[in-house]
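These values consider heavy atoms only, across backbone and side chains, with no hydrogens, waters or symmetry-generated copies. Order of the sequence lines sets the chain letters (A, B, ...), proteins ahead of strands, with each chain counted from 1.
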There are 2 protein chains.
Amino acid sequence: MVNAALKLFSRHGVGGTSLQMIADEIGVTKGAVYHQYPTKDQIVLAAAEAELANVEQVVRNAEAWPPGRKAQGVLVEGIVDLAIARRREMGTILTDPVIADHFEGDAVFADVMHRLRRLMTGDESGPEARVRTATLIAAISGAVVHPFVAGLDDEVLRVELLRLARRFLGLPN
Amino acid sequence: MVNAALKLFSRHGVGGTSLQMIADEIGVTKGAVYHQYPTKDQIVLAAAEAELANVEQVVRNAEAWPPGRKAQGVLVEGIVDLAIARRREMGTILTDPVIADHFEGDAVFADVMHRLRRLMTGDESGPEARVRTATLIAAISGAVVHPFVAGLDDEVLRVELLRLARRFLGLPN
DNA sequence: GTCTATAGTGCGATAGAC
DNA sequence: GTCTATCGCACTATAGAC
């Protein structure tokens with residue numbers, strides 16, 4: 001259900017997705033949808049959190065390594081893989097205005113972003129570190145939905161993106 | 001009117017913006033809006049094209065220079081300035097699903113993107129060139145709306161983004 | 001847990017007065 | 001060119017049978 005919602009959100013936007021569309025997508029009626037989630041807002045929230053959980057898992061994997069280049073490499077590889085596996089969905093939670101509103105002031109979102117920045121820039125937290133982190137995330141999650149790469153094979157895209165991201169971070173090859 | 005629509009689109013998404021909201025924003029009634037545009041689709045199209053025209057102007061400025069590093073520098077500076085001046089609006093035309101649908105197969109959009117890629121990668125047009133171009137555009141237009149940089153001063157953000165973009169392209173300082 | 005039925009609201013769009 | 005008034009429809013949400 002949450003997955004069906006995310007798929008529709010990323011294809012029509014949150015505002016352009018109705019409960020009827022979600023119900024149709026999973027093959028039930030609106031009433032059944034309302035049984036699980038009392039409001040549309042709750043569905044949006046659940047979908048956004050589910051997608052954020054994927055990012056959190058990638059961050060957690062990278063945190064298993066001691067701080068440094070290896071951890072950064074694991075992080076970048078995880079983000080690239082995630083962005084490719086979910087080309088539209090990942091960008092949606094970062095760019096859709098309705099979901100951005102939901103995450104503004106959200107503690108879990110802030111925590112994941114903070115840990116992500118820490119992995120990439122260590123203890124720096126000034127403007128340079130912030131812009132660098134925001135840029136890398138935006139680059140990867142945004143690039144995968146750009147028309148230029150719409151027709152590219154997943155594996156080709158993966159290799160190119162990884163190369164660019166590693167160079168961006170100053171990591172070996 | 002087109003500007004009011006773009007502002008609302010970037011704040012609530014295209015699907016989440018009603019004609020009533022647009023009418024209220026510019027201080028008229030729905031009837032007056034319908035006098036200028038026969039359908040909501042036409043408004044969306046006009047708004048998207050207006051924003052695309054800004055990008056086209058930046059590309060045109062860069063094309064005034066002979067192909068090479070100078071042209072690339074002008075291009076990157078123009079894109080960064082545009083993204084900062086219109087932090088939300090520029091990202092909207094690249095990420096909102098409704099607008100992306102409008103641009104899919106659009107000749108003007110394809111032309112601007114083609115010229116942009118040509119400026120950045122010359123005559124190469126393989127996967128590597130495509131991913132590189134898509135990544136740079138996504139990075140800049142996406143980074144400016146990321147929560148990490150929400151509180152940053154425009155000028156600070158501009159300097160950092162320019163530095164990152166230049167390094168990404170292998171341009172001097 | 002899924003259904004039908006329906007309330008209440010706001011939507012896109014149209015018609016016609018001024 | 002802007003207004004009011006209104007149509008038909010789809011929406012979110014609720015109530016209650018099975």
**Q.** Length of the line joining A/Y34:OH and D/dG16:P, which is rounded to integer Å
**A.** 17 Å

(Q) Of the options D/dT12, C/dG12, C/dG1, whose atoms approach the side-chain atoms of A/L19 most closely? (A) D/dT12

Q) Can you tell me how far P of D/dA17 sits from NE2 of A/H35, to the nearest Å? A) 17 Å

Q. Distance check: side-chain N/O of A/T29 vs OP1/OP2 of C/dT2, anything under 4.0 Å?
A. no

Q.
On DNA chain D, does the nearest nucleotide to A/P38 precede the nearest nucleotide to A/M21 from the 5' side, or the other way round? Give the residue.
A. A/M21

Q: To the nearest Å, give me how far apart CD1 (A/I22) and P (D/dA10) are.
A: 17 Å

Q. Is a salt bridge present between A/R60 and A/E63, judged by a nitrogen-to-oxygen distance below 4.0 Å?
A. no

Q | Under 4.0 angstrom between B/S18 side-chain N/O and C/dC11 OP1 or OP2 | A | yes

Q: Specify the separation, in whole Å, of atom CG of B/L8 and atom P of C/dC11.
A: 12 Å

Q: Could you tell me whether B/E51 and B/R86 have a side-chain N and a carboxylate O separated by less than 4.0 Å?
A: yes

Q) Could you give the CG-to-C1' distance, from B/D41 to C/dA13, as a whole number of Å? A) 13 Å

**Q.** d(CG, A/D24; P, D/dT12) in whole Å
**A.** 12 Å

Q: Could you tell me the separation between the CD1 atom of A/I26 and the C1' atom of C/dC3, rounded to a whole number of Å?
A: 14 Å

Q. Is any NZ, NE, NH1 or NH2 atom of the basic residue among B/R11 and A/D101 found under 4.0 Å from an Asp or Glu carboxylate oxygen of the other?
A. no

Q) So does A/R130 pair up with A/E124, basic N to acidic O under 4.0 Å? A) no

Q) Looking at the side chain of B/K40, which of C/dG12, C/dC3, D/dA13 is the nearest nucleotide? A) C/dG12

Q.
Which nucleotide wins on minimum distance to the side chain of B/T39, given the candidates D/dC11, C/dA13, C/dT2?
A. C/dA13

(Q) Measure NZ/A/K30 against P/C/dT6 and give the value in whole Å, please. (A) 13 Å

(Q) Taking B/R158 first and then B/D154, would you say they form a salt bridge - that is, a charged N and a carboxylate O separated by under 4.0 Å? (A) no

